[in-house]
Amino acid sequence: MQLKAYESNYPHFPGLDYAVAGIECTRNSYEKNVAGKDMIIPKGFTAEFDAEFFSSPIGGYLLAEKEEDIFQALVPLKPFISDNQSSEKNTSADRFSLTVFVHAAPSFPLGSVLSVVTGRDFPFITVEVYRDDELMSSGTAGRLPIKGSGSSERVSLKEKIHAIIQMVDLHNVSFFKAVHFQQLEVGRYVIKVFKENPRVGTERHFIGYMIVDLTKDSQIHIFCKQQVSCLITLVDQEGTGIKNADVMLFQDGMEIAHNTTNDDGVVLLTAPRSQRDPYQLKIISQGFEVVNESIRLRYYQIVVPLKRSVTLDQYDWTLTLIDLWGLPPEINVTPRITSAVMQTPTVIFPEQNPQSSFQFRNLLPATYLLQIQYKSFVLEKEIQIPSNDESLVFPAEYQVSFNVFDSRGSTLEDVKLQMSRGGKIQETTSNGSKFVFSIPPGQYLVTVISQGDVIGQRVINVANERSVDLITNRDPIFPLIGLILACILGLIGLAVGIKKKEPLFCLLLFMVGILVIALLFPWWSLQGSSAGIETSSTFYLIPLNLVSLTTTPQVIVGELSFFPEIFKTIMMIIPVLSVIVSLLAISALGLKRIQKKQWQSLLLVGALLLLFCSLFLFIGAMSAFAEVGVGSFIGSGTLDISIQGQEVVVPVLCQWGPGIGFWLYVVAGMILSASLIIILYQKNKKSNQLL
């Protein structure tokens, strides 16, 4: 299985910083190192996981991290219910009671009650039940069972006596000291007896134990002994103490006592004196069983601990990682080692030093398996300790594709693309607009070069396979071609109008040329600059794009906005109406030449209506779209501009409104209106002459 998390900004509109995050849990077929896709789901396969959706308008990510800790702590407490086992089945029929009678364990009568009520230390006996070295239950052994708790805050003697009477269960008096445990599952348990608040020493005494195989309601009798002790010292070849080693005493395969060595490598173990069977002493350091021997704790170990000193050889080993570029990896990887000969499977982690150097300290001589994993990339190698330090190449590599666009969002070809990191550069030249690199994870500076000039530059983080759009400041050539054609039309109209002394011919052709230019120039734009940062967002009808470009001394980055479908449909109508307006204007000139002047004014009226309809459509749609981001169709203010690849947001003073294409379209409407006025004036003048 693979878990894929992603975040994307939508719709890339100025003034609107909106992020969409998602998580996908799928089969692991995304990474390129996975061989093939597993398309078969086994019969009876069940996938389950614990998840929580959490959101808060306050607190930010710190509150989310706090909630994560709470959730992880609560998950183990969730009751498990399988498909073939209901919660009702786990009833008392599967659980049993255990009564423990304690003998030869003198204590103060009602010692636990008096300790609670008076706040003084009175000796009493506690019994603890362990299963798989985990405390399952505990209780106080006494002839008068305790049924409640008291408070030491009572000051009067009468209140204390009343509290004692309330805590004692007089209906279940026992001749022997006893404690009752209910609802214990079937299994093997170690029952331990302790004397609290002993007269000698400050720590409680471990005075008895018994191993019980519980399969039914049972009663056991434990005869207590004096506590004996052993003092274990664990040092390396240089005499330095080995800390955090587990030292245990076993009996009949069950753990009786357990403690860990301190910073000096010393640990004290206590256990009841055993006359017949010796204890099995085991010491486990970093998962390896370094000591397994029988020891007998005799009478004099009641006063003088049995002393054992163990010396182990330990070694340090350093690993240095580099990626496929020969540079320190810029991803969070932590090598780990383990060994098949460990008694207790243990994962050993290193200390990380600068430049991806990892030092494993105090390793015991053995054969280890080194594992380094990042997503689906895994590097494994056997390491024999002691060994010389090593340097390994981590093979993580991802494919990154780049789509290069000009300043209008059109694909750009015949450019050079460079990726640089840590002083190394990889360069590719492509005849198309798409570039593909296979590179190690990390942060790269991407540079787009055209004819020796840098036309685009940004920082990207590569942590998986991805596709990146690169917007450059390279202007396309087709607006210049359109401008030349419009000028030619204007000159033709001017020449013909002068020659034939017909101003209408000149005006209409000039109007058609302006319409052509208007469709190729920006219809809406935002401009801003602040402290070396220049930003612009430009809306074009041909091609239909809103291109945002931000320039700093270090980067030239841009992005394309995404439009709703209804917005794109409205904007695509405007060029179509503009073509119809141009055809109607040219048709009006043709009708004049074939002496059908009565239709000329009707065509121009229709063209004028369509032209102003286009303007109203644009103003309405763009106003609604701009309101979501900057708030208005025309305006100014300070906007938060994010610089891609740098995770930086900078306030920039900006102003926005209609672009030159929009105003040219308005001028075309004015020319068309003037042409219609001229025609109507000529008709009116001719009518007056006939009268």
Side-chain angles (χ1 to χ4, degrees), residues 30-33 318-335 350 352-359 370-381 388-405 412-474 550-559 643-648:
Y30 179 74
E31 307 287 354
K32 77 171 190 176
N33 283 2
T318 301
L319 170 68
T320 302
L321 284 181
I322 58 175
D323 61 19
L324 294 173
W325 275 29
L327 299 173
E330 293 185 0
I331 52 178
N332 186 18
V333 292
T334 303
Q352 184 170 359
N353 300 320
Q355 299 297 321
S356 296
S357 177
F358 302 88
Q359 187 172 36
L370 171 69
Q371 293 180 324
I372 310 171
Q373 183 172 7
Y374 179 75
K375 297 185 178 180
S376 65
F377 295 95
V378 179
L379 175 63
E380 295 185 341
K381 184 177 181 180
N388 294 327
D389 298 339
E390 288 197 33
S391 178
L392 297 178
V393 177
F394 190 63
E397 185 180 48
Y398 290 106
Q399 193 174 83
V400 183
S401 60
F402 297 92
N403 299 299
V404 184
F405 301 93
L412 186 61
E413 301 180 356
D414 298 326
V415 295
K416 186 185 299 182
L417 197 66
Q418 289 183 348
M419 296 197 69
S420 60
R421 172 175 151 253
K424 293 196 174 185
I425 299 176
Q426 184 172 333
E427 184 176 283
T428 298
T429 302
S430 175
N431 293 327
S433 61
K434 187 171 184 178
F435 299 80
V436 179
F437 288 86
S438 292
I439 53 178
Q443 187 179 76
Y444 293 83
L445 178 64
V446 183
T447 306
V448 184
I449 301 174
S450 176
Q451 299 177 354
D453 297 326
V454 176
I455 60 175
Q457 186 167 277
R458 63 165 293 185
V459 175
I460 68 166
N461 290 304
V462 177
N464 47 33
E465 290 187 0
R466 60 180 299 188
S467 178
V468 181
D469 293 337
L470 298 176
I471 308 297
T472 67
N473 60 7
R474 175 80 172 270
T550 302
T551 303
T552 72
Q554 294 80 27
V555 298
I556 304 173
V557 296
E559 55 189 359
I643 302 177
Q644 296 182 24
Q646 295 188 356
E647 305 296 334
V648 175

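All heavy atoms count here, side chains included; hydrogens, waters and symmetry mates do not.
The minimum heavy-atom distance between Pro350 and Thr334, with the atom names listed, is CD-CG2, 4.1 Å. Among all heavy-atom pairs drawn from Leu392 and Lys381, the shortest one is CD2-NZ, 3.9 Å. Of all non-hydrogen atoms in Ala396 and Pro441, the two that sit nearest each other are O-CD, 3.5 Å. Across all non-hydrogen atoms, the minimal contact from Ile556 to Ile455 is CG2-O, 3.9 Å. Closest approach of Ser438 to Glu397, counting heavy atoms only: O-OE2, 3.3 Å. A pairwise comparison of heavy atoms in Leu319 and Leu370 identifies CD2-CD2, 3.9 Å as the closest pair.
A distance-only check finds no donor-acceptor pair linking the side chain of Gln371 to the backbone of Val378 [under 3.5 Å]. Checked by atom type and distance alone, the side chain of Ser401 never pairs as donor or acceptor with a backbone atom of Phe435 at under 3.5 Å. Put simply, the side chain of Glu413 never gets that close to the backbone of Val415: no donor and acceptor are under 3.5 Å apart. Of the possible donor and acceptor atoms, one in the side chain of Arg466 sits under 3.5 Å from a partner among the backbone N and O of Asn461. In this structure, Gln418 contributes its side chain and Thr447 its backbone to no donor-acceptor pair below 3.5 Å.
Phe358 CZ to Asn353 CG: the interatomic distance, rounded to the nearest 0.5 Å, is 9.0 Å. Expressed to the nearest 0.5 Å, how far OG1 of Thr428 lies from CZ of Phe402 amounts to 9.5 Å. In this structure, CG in Asp414 is found 9.0 Å from CD in Gln451, a value given to the nearest 0.5 Å. The CD1 atom of Ile331 sits 14.0 Å away from the CD atom of Gln443 when rounded to the nearest 0.5 Å. The line from CG of Asn332 to OH of Tyr374 is 9.0 Å long, rounded to the nearest 0.5 Å. Summarising the geometry, atom CD1 belonging to Ile439 is positioned 3.5 Å from atom CE belonging to Met419; distances are rounded to the nearest 0.5 Å.
In this structure the side chain of Leu417 reaches within 4.5 angstrom of the side chain of Phe437, judged on heavy atoms. A heavy-atom distance below 4.5 Å is found between the side chains of Trp325 and Gln426. Two residues are said to be in side-chain contact when any heavy atoms from C-beta on lie closer than 4.5 Å; Arg421 and Asp323 meet this criterion. Val404 has its side chain out of reach of Arg474: every pair of non-hydrogen atoms, C-beta onward, lies at least 4.5 Å apart.
None of Leu445, Asn473, Val446 except one satisfies the side chain to side chain contact (heavy atoms under 4.5 Å, CB included) rule with Gln457; the exception is Leu445.
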